[in-house]
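What follows is a set of notes on a single structure, which appears directly below.
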Amino acid sequence: MTLLGAIADDFTGATDLAGLLARSGVPVSLRLGVPDAPPTDTAPFEVIALKCRTEPVDKAVADCRAALKWLQAAGAQRFFWKYCSTFDSTPEGNIGPVAEALMADLGTDQTIYCPAFPENGRSIFMGNLFVGRQPLAESPMKDHPLTPMTDSNLMRLLEPQVTRPVGLADRLTVAQGAEALRAELARLAGEGVAHVVIDAVANEDLYTIAEACRNMPLMTGGSAVAMPLPALWMQDGALKADTAKAPEQIGPGAVVLSGSCSAMTRRQVEAYKATGAVSFRLDPVKLDEEGPQQALDWLAAQDLGKAPLLYATAEPDQVRAAQAALGREEAGAVVERALAKLAVAARDRGARRIVVAGGETSGAVSQALGIARLDIGAEIAPGVPWCTCDSGGARIAITLKSGNFGAETFFADALGATA
Ligand SMILES: Nc1ncnc2c1ncn2[C@@H]1O[C@H](COP(=O)(O)OP(=O)(O)O)[C@@H](O)[C@H]1O
Ligand SMILES: O=C(O)[C@@H](O)C(=O)COP(=O)(O)O
């Protein structure tokens with residue numbers, strides 16, 4: 001029986017949330033897109049991954065409402081709307097409009113917003129979001145190609161996205177504990193505040209927030225504020241502790257596919273190459289002219305026991321040059337198509353462990369592999385678990401890494417870990 005139903009606005013974000021919930025040992029099931037069939041074989045935590053972060057608002061709202069319906073049919077009683085820990089959105093949405101639509105469908109007048117993820121350097125103080133030591137708007141997120149974040153204040157970011165009042169429960173209240181926070185939320189509700197941003201700078205704040213808000217019909221945020229919920233629900237008796245599945249046996253062949261160009265992924269690619277791993281660099285302009293055959297031929301000649309790396313990961317000036325030649329969208333799309341084909345080819349040659357870097361890249365690869373559902377396994381780095389799934393008649397393990405997550409040694413860490 002499902003207790004929590006969560007909707008994530010992208011695939012890496014969904015595995016991030018699922019991984020943090022799975023730390024509790026409670027089974028987590030992740031569906032890629034809203035399943036066509038009614039819920040069967042459900043887990044206590046069901047997460048639906050959508051690709052709606054940058055969709056037009058109406059489409060994102062419709063997709064999320066369909067996901068909510070499916071989760072309600074699965075029996076979920078509490079709901080979570082997961083977006084990026086850097087609040088990736090535009091003045092139009094989609095964080096606020098989706099939250100308001102879900103609130104309307106659930107008949108609730110108030111929700112909270114907490115994208116803090118202290119383990120990955122995201123903290124909120126007086127409503128301002130920090131990435132490491134930098135305010136969001138001074139971090140590399142200011143240059144994001146689709147959702148450049150040019151303000152660090154979450155209330156100012158949210159206000160144009162919603163129709164009802166926005167407020168703040170600040171760190172001074174959170175520091176007083178769950179009771180004080182609940183009282184503050186009630187006071188804000190009395191003033192008609194529907195959307196409450198909550199400060200959190202450390203994991204202990206997230207525990208206070210989860211304790212105060214665990215019975216709200218809808219919570220919203222990054223993954224970390226959901227992490228304490230399983231233990232709290234176990235204490236409440238709403239959830240049993242002893243339902244974890246044993247790890248699966250997965251075959252050895254592996255491949256690493258990187259389409260992320262984030263600063264961290266660039267370091268991870270270099271670190272993996274420095275271990276002596278064999279690698280092939282994809283050039284978008286060459287791919288556009290010649291297609292992916294050369295890369296496919298290279299892959300066909302590799303020993304999958306050595307986990308070859310195929311990457312389009314490049315420095316910002318190289319990305320700009322490819323975008324100038326092909327256009328921003330086509331430069332991305334040509335790489336995503338190639339990595340998706342390479343993933344299928346690797347699986348068909350026997351790769352059973354697939355490491356993917358990049359959010360959009362993960363979406364393209366998972367779709368090409370025909371993955372409908374992921375079971376969440378061991379966490380490799382905060383917010384990045386191994387997942388197991390059926391693909392092309394085989395049981396495989398896949399990890400979907402957000403561009404910014406993981407240590408420099410992430411690829412080797414993943415391959416050295418049990419799925
Ligand atoms: N060399 C490159 N030039 C231009 N675009 C690229 C290049 N390499 C990758 N891309 C594209 O950049 C985008 C990276 O986005 P994504 O996969 O979401 O990574 P992240 O999680 O770091 O944002 C993808 O669309 C990918 O195809
Ligand atoms: O909350 C986060 O930071 C991540 O879970 C996330 O959503 C990552 O998005 P991408 O960086 O686009 O992979």
Side-chain angles (χ1 to χ4, degrees), residues 6 8-20 30 47 49-54 80-89 95 114-122 129 131 136 139-141 143-147 149 220-227 257-269 281-288 292 310-340 342 356-366 381-385 399-406:
D9 68 354
D10 82 346
F11 285 27
T12 40
T15 59
D16 169 15
L17 173 65
L20 264 65
L30 170 52
V47 181
L50 299 176
K51 241 172 150 293
C52 66
R53 189 169 289 176
T54 54
F80 193 90
W81 166 223
K82 158 73 177 73
Y83 40 79
C84 194
S85 62
T86 44
F87 214 69
D88 300 16
S89 56
I95 294 174
C114 186
F117 194 163
E119 285 174 78
N120 278 318
R122 276 68 156 152
L129 181 58
V131 177
L136 175 66
S139 78
M141 287 306 296
D143 300 316
H144 193 280
L146 302 175
T147 49
M149 303 308 289
T220 89
S223 57
V225 74
M227 174 179 56
L257 303 168
S258 180
S260 161
C261 296
S262 75
M264 182 43 89
T265 307
R266 296 200 305 269
R267 285 164 57 192
Q268 288 163 343
V269 164
R281 191 173 77 82
L282 298 160
D283 170 4
V285 176
K286 212 167 159 203
L287 280 175
D288 185 63
L310 294 115
Y311 67 100
T313 305
E315 297 297 317
D317 56 335
Q318 295 170 300
V319 172
R320 275 192 293 274
Q323 289 177 338
L326 302 175
R328 184 187 298 262
E329 256 184 41
E330 189 49 26
V334 79
V335 168
E336 287 176 35
R337 284 195 297 270
L339 288 169
L342 288 158
V356 190
E360 292 303 315
T361 308
S362 292
V365 165
S366 314
V384 200
T399 181
L400 309 178
K401 188 197 79 74
S402 153
N404 294 307
F405 284 2

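Just so it is clear, the values below take in all heavy atoms, side chains as well, and ignore hydrogens, waters and symmetry mates. Order of appearance sets the numbers: ligands from 1, and atoms from 1 within every ligand.
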With heavy atoms of [X] as the reference, note each atom of ligand 2 found under 4.0 Å away.
X      : result
Asp10  : 7 (O), 9 (O), 10 (P), 12 (O), 13 (O)
Gly359 : 13 (O)
Asp16  : 1 (O), 2 (C), 4 (C), 5 (O)
Arg53  : 6 (C), 7 (O), 9 (O), 10 (P), 12 (O)

Does any N/O atom on [X] come nearer than 3.5 Å to any N/O atom on ligand 2?
X      : result
Lys82  : yes
Thr12  : yes
Asn404 : no
Ser402 : yes

TODO: Please work out whether any backbone atom (N, CA, C, O) or any side-chain heavy atom from C-beta onward of Phe405 is under 4.0 Å from ligand 2, and answer side chain, backbone, both or neither.
DONE: side chain
Task: Contact residues of ligand 1 (heavy atom under 4.0 Å), by chain and number - done: Gly259, Ser260, Cys261, Ser262, Pro284, Ala312, Ala314, Val319, Ala322, Ala331, Gly332, Val335, Glu336, Gly358, Gly359, Glu360, Thr361, Gly403
So, using salt bridge (Lys or Arg N to Asp or Glu O under 4.0 Å) as the criterion, who are the partners of [X] when residues are at least two apart?
X      : answer
Arg267 : Glu408
Glu336 : none
Asp283 : none

Open item on the list: Any salt bridge linking Glu330 with Arg337? Criterion: basic side-chain nitrogen under 4.0 Å from a carboxylate oxygen.
Closed with: yes
- [ ] For the pair Arg53 and Asp10, find out whether any cationic side-chain nitrogen is under 4.0 Å from an anionic carboxylate oxygen.
- [x]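 Answer for the salt bridge query: yes.
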TODO: May I ask you to decide if Gln323's main-chain N or O and Arg328's side chain share a donor-acceptor pair within less than 3.5 Å?
DONE: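 Not a single qualifying donor-acceptor pair exists.
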Task: Shortest protein contact, atom 1 (O) of ligand 2 (heavy atom only) - done: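 Checked against all protein heavy atoms, atom 1 (O) of ligand 2 sits closest to Ser85 N, 2.8 Å.
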Open item on the list: Under the side chain to side chain donor-acceptor pair (under 3.5 Å) test against Lys401, which residue among Thr15, Thr12, Thr265 passes?
Closed with: Thr265
Open item on the list: When you measure from the heavy atoms of Phe11 to every atom of ligand 2, does any distance fall below 4.0 Å?
Closed with: no
